[in-house]
Amino acid sequence: MTQSLRQAALLFPFLMLLAACSPPAEDQSQTASSEAESQPESVTWRFALEEIEGSVQDTYAQEFKRRIESRSDGAITVEVYPYGSLGSSSQITEMLQSGALELAFASPGHLADAIPEVGVFTLHFVLSDDDAVNRQVLSDPELHALLQPPYRDQDLELLGVVQEGWMVWSGDRALRSPADFDGFKIRTMTSPILVESYRAYGANPTPMPYSEVYSGLQLGQIDGQVNPIFAIEEMSFYEEQDYLTSGRHAQFVTTLAGSQSWFESLDESTRAMIEEVRDELVEWIDREQQRFNAERLDTILEAGGTQWVELDEDERDVFRQASLGVRETYVEQAGERGREVLDTFLALVEKHQD
Ligand code: 6CS
C-alpha cells in the first residue's frame with residue numbers, strides 16, 4: 001500500500017499538469033439547472049479525498065455523489081479522487097484554493113497550518129463523550145458562520161464538518177499516563193497546534209504526511225501515531241504496533257471544503273442542493289463511522305498481536321489536566337477570532353449536553 005502511495009506521489013506532477021490543462025472552475029461550474037436546460041452534457045465536480053478507497057471519507061463522497069447526481073438529473077457528475085491519486089493533504093488544499101478542484105476534504109490537523117482557527121477541532125478534551133452531542137456541535141450553524149471568514153480568506157468555502165471517530169494512540173507501549181509519553185516519538189498531522197498538544201504530555205511529536213506513517217513505523221523513525229481505528233486498520237499501521245490506547249481525548253474531525261470561486265459561481269438552487277445533501281449526511285455518516293470503527297477494531301483484534309487498552313476516568317483526567325494549557329497556545333496562534341471560536345465551541349458543547 002505504501003508502495004502504491006509512493007508511486008502515486010511520483011505521478012503527482014503529471015496529474016497537476018492535467019489539472020492545469022482542464023478548464024478553470026468558473027467555466028465548468030455554470031449552474032446545473034441552466035445547463036440542463038440549454039445543453040445535454042453534464043458539468044463535472046472533482047472531489048478529492050485525504051483517505052483511500054473504502055475509508056470514511058470515501059463512503060461520504062460516494063453517497064454525496066449518488067445524491068447530487070440523482071437530484072441534478074444527470075446535469076452534474078461528481079468524480080471522486082481517493083488519497084494517492086493527487087498528493088498530500090496540503091497539496092490537495094492548494095489545488096482547491098487554485099480552483100483545480102471543486103471539492104475536497106481538508107482536515108484541521110493539516111489545514112490549521114493555513115487557517116489557525118480550525119485548530120480548535122484538534123484540541124484535546126473539548127468535545128463531549130456523547131457522539132450525538134458532538135454531532136450537534138459540529139454541525140451548528142453558529143460555529144460554521146464563525147469559521148467561514150477565515151476559510152474565505154484562504155479562497156475556500158466551508159461546506160461541512162464531519163466527525164470520523166475517536167482518535168486512538170497506537171504504539172510500541174500502552175500509553176496510560178503522561179509518564180508513558182516521555183520521549184515517545186509520536187507522528188502527528190502537520191499543523192503546529194498538534195505538536196503542542198503532544199509536547200504537553202512530554203512526548204516527542206514528529207509531524208509527517210499520512211502516506212509516510214507506515215514506513216515511519218516500519219523503520220523505527222516513530223514509536224507510534226494517532227488516528228481513528230478505521231484508519232489504523234486500512235493503512236495497516238496496527239501491523240507495526242503492539243498496543244492501541246483509547247483515551248477518548250478527541251474525535252478525528254474533517255471539513256468538507258469547496259473552491260470559493262467555484263462555489264460563488266453556482267446559482268442559488270445548486271448551492272441549496274449541496275447544503276441539503278450536507279445536512280442529510282450528518283446523521284448518516286455518523287452512523288457509518290461508528291460501524292466502520294467498531295468492525296475494524298474486531299478485524300485488528302482478530303488478527304492478533306495488538307492489545308486494546310481503555311483508559312478509565314481517573315487516567316483520562318490526568319491527560320485532561322495536562323491538555324488545558326494548549327487552549328491558550330491555540331488562542332495565541334489563532335488570535336481573537338480563535339478565542340471567539342473556542343468560547344463558542346465550548347458553550348455549544350454545554351448547550352447541547354443539557
Ligand atoms: O493522519 C492523517 O494524516 C489522516 N488521517 C485520517 C483518518 N484522515 C486523513 C488524514 O490526513
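As the structure lists them, so they are numbered: ligands from 1, and atoms in each ligand from 1. Values in this document were obtained by computation on a predicted structure and should not be read as measured data.
In this structure, Arg187 is part of the shell of residues with a heavy atom less than 4.0 angstrom from ligand 1.
Proximity of Phe252 to ligand 1, defined as any heavy-atom pair under 4.0 Å, is confined to the side chain (atoms from C-beta onward). The residue Met208 has no part lying near ligand 1, judged by heavy-atom distances below 4.0 Å.
Atom 11 (O) of ligand 1 has its closest protein heavy atom at His110 NE2, 3.1 Å. The shortest contact between atom 5 (N) of ligand 1 and any protein heavy atom is with Asn227 OD1, 2.9 Å. Shortest contact from atom 2 (C) of ligand 1 to any protein heavy atom: Tyr210 CD1, 3.2 Å.
Atoms of ligand 1 lying under 4.0 Å from any heavy atom of Ser89, numbered from 1 in the order shown and given with element: 11 (O). Close contacts between ligand 1 and Glu51 involve ligand atoms 6 (C), 7 (C), 8 (N), 9 (C) [criterion: under 4.0 Å to a heavy atom]. Interface of Ala231 with ligand 1, defined as ligand atoms under 4.0 Å from a residue heavy atom, comprises 7 (C). Every atom of ligand 1 is numbered from 1 in the order shown, and the set under 4.0 Å from a heavy atom of Glu50 is 9 (C).
Under the 6.0 Å cut-off for aromatic ring centres, Phe319 and Tyr201 qualify, their centroids lying closer than that.
Below 30°, between 30° and 60°, or above 60°: for Phe47 and Phe64 the angle between ring planes is above 60°, a perpendicular geometry. Ring-plane geometry between Tyr83 and Tyr210 is classed as tilted, the angle between the planes lying from 30 to 60 degrees on a 0 to 90 degree scale. Between Tyr198 and Phe181, the ring-plane angle classifies as tilted under the 30° and 60° cut-offs.
Taking a 6.0 Å sphere around CD of Glu350, one finds it holds 12 or fewer heavy atoms contributed by other residues, nucleotides or ligands.
Side chain of Ser128 to backbone of Asp130: a donor-acceptor contact under 3.5 angstrom is found. Put simply, the side chain of Thr270 never gets that close to the backbone of Leu266: no donor and acceptor are under 3.5 Å apart.
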